[in-house]
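Read through the structure below, which is laid out as structure tokens, and then see the notes.
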Amino acid sequence: MSTELEQFYEVFFEESSELLAEMEACLLGLDLSSPDPEDLNAIFRAAHSIKGGAGTFGFTDMTEMTHMLESLLDKLRKGEIEIRSEMIDTFLRAGDIIKGQLAAHRGDGAADEAAAAEVSNELKQFSEETTEALNIDKESTSSTTEQPDHKPNEAKNVVVESLPATSKTEQVSFNIEFSSSGINSKSLENLFSNLSDLGKFEKLLVSDKEQNCKLRLTTYTCEENIWEALAFVVNPSQLKIEKASQTEAHTSTKLDVSSSIQIDEITSDKPSKTAVETENSACEPYGFFSGAPAAPIETEKKVKTESHSDPSVEQNILEEKSFPTDTINSLPIQKQSKPNAPTTETTSIRVSIEKVDQMINLVGELVITQAMLAQTASEVDPVIYEKLNNGMNQLERNTRNLQEAVMSIRMLPISFVFSRYPRVVHDLASKLDKKVELKTVGEGTELDKGLIEKIADPLTHLVRNSLDHGIELPEKRIATGKVAKGTITLRAFHQGGSIVIEVGDDGAGLNREKIMAKATERGISIHEGMSDQEVWMLIFEPGFSTAEKVTDVSGRGVGMDVVKRNIKDMGGRIEIDSVQGVGTRITIRLPLTLAILDGLSVAVGDQMFIVPLTYITESLQIKNTDIKTVNGVGRVVHVRGDYLPVIALHEIFNIKPNATRIEDGILIILDAEGHKAAMFVDALIGQHQVVIKSLENNYRRVMGVSGATIMGDGKVALILDTTGLVMASHKDSL
Amino acid sequence: MGKTILTVDDSVSIRQMISFTLKGAGYEVTEAVDGQDALDKAQRETFNLVLTDINMPRMDGLKLLEKLRGLTPYKTIPILMLTTESCSEMKARGRDAGATGWLVKPFNPKSLLEIISQVTK
């Protein structure tokens with residue numbers, strides 16, 4: 001179609017992706033035993049909307065798929081057919097196909113045509129099952145109608161060929177002409193097969209040089225059904241459907257006509273004249289209703305006025321009306337009663353991520369400038385420059401607020417990741433014959449967009465792992481006194497400066513003996529004195545897998561080590577808790593954001609370091625008597641009943657300190673994930689909010705340092721990798 | 001001043017496309033995301049024409065038609081329905097609800113402008 005439509009493609013792609021996600025969520029949430037009509041409607045509407053858009057923007061492959069999807073869904077929501085779990089699977093796969101087609105239209109890969117054909121076949125089969133069931137009804141009625149006495153009246157004027165036949169008992173030939181340019185051969189094939197479903201079908205001329213298609217279809221169906229079959233493939237403006245002249249028409253038509261002449265007294269079952277009115281118009285891409293408010297006068301001649309004089313027709317319209325309005329009335333009311341019914345209108349705008357990052361960078365610079373100004377201003381007499389000082393305070397507040405606001409742009413709720421797992425769990429559970437329920441807690445927890453993207457794959461792996469290795473088969477669960485349905489819980493929450501994501505299951509738990517045996521087999525060094533925690537961590541070793549049988553789900557022995565590495569690359573940490581027979585919980589801790597942190601600046605010799613504030617519990621000076629030296633452990637300090645290893649920064653970074661003895665300097669007590677240590681520094685300088693500049697990007701990775709920042713006076717200070725230092729001090733002292 | 005048109009569709013791409021096409025032809029276009037939104041907007045301002053999709057959440061096009069026809073200023077203005085459902089049943093329902101005419105999806109900008117120009121003459 002028109003090239004000016006292209007500017008709406010991106011909007012359509014985004015919209016369709018959202019609709020597909022919505023559809024998937026609805027499908028997965030559907031209760032098969034008593035499906036909520038509202039859900040079915042929502043799913044139908046999603047397919048319907050995609051179809052409408054795809055048709056308008058000329059993506060015929062998507063139109064075909066959504067059309068099949070829609071017709072089956074329509075039958076479902078009308079209750080003509082019962083929903084079954086296989087259908088859900090097919091729907092989900094159809095959704096995947098449409099996603100693939102979307103991606104292909106976006107220029108990202110190619111659509112899987114074989115899979116598309118397979119899925120559309122399945123959809124068709126489901127649809128046909130219904131129509132077969134319906135046909136039985138129809139056949140029984142049509143067999144009676146064939147007897148002259150019971151045949152419904154087609155009314156005299158139907159026979160007088162001024163009106164197209166609409167009755168199911170009368171066959172009519174149609175000449176169909178359209179241009180096949182721009183239609184690929186596959187779509188054309190599909191089209192032909194759809195048409196041949198409608199009746200006797202002949203190809204008079206297919207794709208000659210002018211790419212014209214001429215077809216003849218002899219069918220019981222009415223013209224608009226043909227129109228509908230064609231409209232999604234063929235540009236309606238290039239489509240012509242004509243009733244073939246009587247001589248061309250099939251002889252059976254005449255037979256039917258003659259038999260219907262005999263019985264013109266009986267009232268019609270179908271409002272044939274209303275059909276006429278709409279039927280004529282079905283060939284048009286648009287039209288007007290006669291007598292409707294504001295309808296243009298010239299169109300009135302299109303419509304047979306006699307349709308209103310026929311009382312039977314009027315009655316039929318009323319009857320028809322009574323059915324739909326009932327259903328329609330009930331829908332919006334139900335919908336409105338749902339308080340947070342999602343509407344398609346969102347109040348968000350799409351901005352490229354570069355713009356946001358640029359803004360974050362600029363705010364970072366602003367924070368630095370503000371700090372510099374604050375430092376300069378602090379040197380002047382506060383009494384004389386009171387106004388300046390007030391201004392500086394306000395500037396600091398505003399800068400901080402601005403910074404928080406800008407940072408929050410990059411933050412997304414973790415539901416963006418969590419929302420994909422219902423599908424993962426559904427697919428895998430049915431594959432493994434397991435019964436699993438997925439619970440998500442804290443979907444609203446926000447984290448940096450960059451982390452959201454990176455966490456998805458490791459989390460997927462963990463979820464699949466829990467399902468495959470954790471959750472037992474239903475029989476086994478019942479045998480061990482559990483409910484047949486296992487539960488996988490995804491939980492996210494903030495803790496200090498981190499976001500914590502847990503993947504928990506109520507499955508079999510990890511087996512210490514099995515893991516130990518496997519580790520020995522794999523040549524991983526172990527000893528009997530290892531704590532459970534340490535044993536569990538073995539599963540993250542490269543090449544480790546305890547699954548007796550390698551499945552295509554998990555258990556190829558690659559993955560868990562990759563999961564651990566990915567998490568580590570994000571600056572995060574992973575832990576396992578497990579109790580045999582009760583379940584397993586894997587905890588991931590990630591830094592909340594990667595750009596800015598609150599830190600305490602400390603001095604060692606002439607250097608300044610930043611310690612992230614979240615790790616600091618207290619700072620203190622200590623007496624000589626509290627310092628002990630333990631063989632093989634090094635120095636420890638006795639603080640509030642604990643013996644803590646000492647991290648001497650001047651030793652680690654090889655700096656000449658002002659205070660060489662611990663009792664002359666200051667100890668900062670750090671707590672990194674339950675491990676405590678005391679950091680020995682010369683002096684505390686102050687608290688700052690610092691913008692993290694990556695050391696790796698600008699220099700190289702340095703042990704004990706997580707980044708650098710520019711201070712208010714323009715000097716560079718290193719940000720300490722507190723956790724790394726604390727862990728190292730514990731390793732040294734073990 | 002151009003004629004004012006209220007276009008109602010839950011699909012943002014279709015809405016934008018209609019809006020763009022109509023604005024290009026000199027109409028003043030207001031968009032609504034569903035029947036309820038349209039009704040709210042129609043009550044605040046009287047449009048010269050309403051173009052509505054049928055299948056929408058919250059309030060569908062047929063209900064909107066009925067409601068609009070119940071409002072005095074909308075008794076005689078053209079209301080067109082835009083629908084993928086080209087079957088006669090849907091059209092009959094549209095007509096009963098008070099539609100002036102229909103436009104079948106998928107449509108091209110040309111037929112959109114044609115039908116609009118016929119009723120806004």
A side-chain contact here means heavy atoms from C-beta on lying under 4.5 Å apart; do B:Met17 and A:Phe57 qualify? yes

So OG of B:Ser13 and CZ of A:Phe13: to nearest 0.5 Å the spacing works out to 10.0 Å

Atom CG in B:Leu82, atom OG1 in A:Thr56: separation rounded to 0.5 Å? 7.5 Å

Identify which part of B:Ile77 has an atom lying under 4.5 Å from any heavy atom of chain A, answering side chain, backbone, both or neither. backbone

Please classify the contact between B:Glu114 and chain A as side chain, backbone, both or neither, with a heavy-atom cut-off of under 4.5 Å. both

Heavy-atom distances under 4.5 Å only: say whether B:Leu80 touches chain A with side chain, backbone, both or neither. side chain

Minimum heavy-atom distance A:Phe44-B:Asn55, with the two atoms named: CE2-ND2, 3.0 Å

Exercise: identify the closest heavy-atom pair between A:Arg45 and B:Met56: CD-C, 3.6 Å

Shortest non-hydrogen separation from B:Asp10 to A:Ser49 and the atoms involved: OD2-OG, 3.5 Å

Value rounded to 0.5 Å, distance of CZ in B:Arg15 from CD in A:Glu15: 7.5 Å

